[in-house]
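Everything below concerns the one structure shown next.
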Amino acid sequence: MKEYRLKDLSASFWKGLIITIIFAIIGGIGMGLLARHRQSTSYIAERSVVITHKISESELSQGNNQQPIVITDLNMMDTYSDIAQNKQIASAARKYLPKKLQHEYSADTIASDVNAMTHPQSLVMKIKVKTGDAKDSATIANAVTRAFQKELPKVQPGAGQVHLLAKATSENVQISTTPNKKKYIAAGVALGALIGIVISFVTVTWRKYIK
């Protein structure tokens, strides 16, 4: 049986390590370029509304219990959020947009850009709009909440009153960039290193010590 010196083993190790590093670098660069090619930035504007029934002073003076009304409003919040995302609200919202944005955004596009969120035991609904422009997102978010305030009584008779909170502004948008370039690079490095290990094993270890 052939004996191998430490020098031979050391040389094989370093060759394999170099191959692995080279492929890891290539993988990282390749995935980084792919992420840059696919990357896009979105701007998410948000405006909140509160939906409640108005209790008159006479009702309060008579000692009427508000709890059943509040419970009803709470139970309806999921329904209200579905309505806020409906094309009917989007069509109404489109009328409140400047002419330029009306040409750029159809009712279907607006409806797909809207995300209405509610939380358990809360009468506050957050209406978020995501587009590729910060000002557009804020303008559409304000238009959608305004349309929702006007249209909800028509769609759901007996619904609570919609109170609009602070307007959405382009300065307060959330910025979302996808895909995550760092994650892509990390995945490319890992994949490249794995390929490098396999190739180094085949080209160095297999050929040198098995043949």
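All values below were derived from every heavy atom in this structure, side-chain atoms included, with hydrogens, water molecules and symmetry-related copies excluded.
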Backbone N/O of [Y] and side chain of [X]: donor-acceptor pair under 3.5 Å:
X	Y	answer
Ser122	His119	no
Gln149	His163	no
Asn142	Lys167	no

| Any donor-acceptor N or O pair under 3.5 Å, side chains Thr72, Asn75 |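 No pair is found: no donor N or O on one side chain lies under 3.5 Å from an acceptor on the other.
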| request: Would you kindly say whether Thr109 and Ser112 are connected by a side-chain donor-acceptor distance under 3.5 Å? | output: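 Result is no, nothing qualifies.
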Less than 4.5 Å apart, any side-chain heavy atom of [X] and any of [Y]?
X	Y	result
Ile110	Leu97	yes
Ile51	Gln161	no
Phe148	Val155	no
Val50	Leu165	yes
Lys87	Ser91	yes
Leu194	Phe23	no
Gln156	Ile83	yes

| With sequence neighbours excluded, what pairs up with Thr52 under the side-chain hydrogen bond (donor to acceptor under 3.5 Å, both in side chains) test? |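 None.
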| request: List in chain and number order the residues that pass side-chain hydrogen bond (donor to acceptor under 3.5 Å, both in side chains) with Thr118, two or more places apart in sequence or in another chain; answer none if no residue qualifies. | output: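 For Thr118, the residues satisfying side-chain hydrogen bond (donor to acceptor under 3.5 Å, both in side chains) (neighbours in sequence not counted) are Asp78.
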| message | Applying side chain to side chain contact (heavy atoms under 4.5 Å, CB included) to Val144 and Arg146, what does each step give before you reach the verdict? | response | CA-CA 5 Å; Val144 169; Arg146 184 180 174 187; over 6 Å; no
How many angstroms lie between atom [atom1] of [X] and atom [atom2] of [Y], to the nearest 0.5 angstrom?
X	Y	atom1	atom2	answer
Ile195	Ile22	CD1	CD1	13.5 Å
Arg47	Lys128	CZ	NZ	16.0 Å
Ile44	Ile175	CD1	CD1	10.0 Å

| Hey, quick one: are Val114 and Val173 part of the same hydrophobic cluster, counting side-chain heavy atoms closer than 4.5 Å, chains of contacts allowed? |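 In one cluster with Val114: Val173, no.
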| Is there a path from Ile29 to Ile21 through hydrophobic residues (I, L, V, M, F, W, Y) whose side chains come within less than 4.5 Å of each other? |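 Linked within one cluster.
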Where is the tightest heavy-atom contact between [X] and [Y], given as atom of each residue plus distance?
X	Y	result
Ala92	Glu151	CB-CG, 3.7 Å
Arg94	Ser106	NE-CA, 3.8 Å
Val124	Ser48	CG1-CB, 3.9 Å
Glu46	Ala168	O-CB, 3.5 Å

| Evaluation steps, side chain to side chain contact (heavy atoms under 4.5 Å, CB included), between Tyr96 and Gln102 | CA-CA 9 Å; Tyr96 297 124; Gln102 287 185 19; over 6 Å; no
Side chains of residues 134-141: which donor-acceptor pairs under 3.5 Å do they make with residues two or more places apart or in other chains?
residue, atom, partner, partner atom, Å
Asp136, OD2, Tyr105, OH, 2.9
Ser137, OG, Tyr43, O, 2.6
Ser137, OG, Thr131, N, 3.2
Ser137, OG, Thr131, OG1, 2.7
Ser137, OG, Asp133, O, 3.1
Thr139, OG1, Lys135, O, 2.9

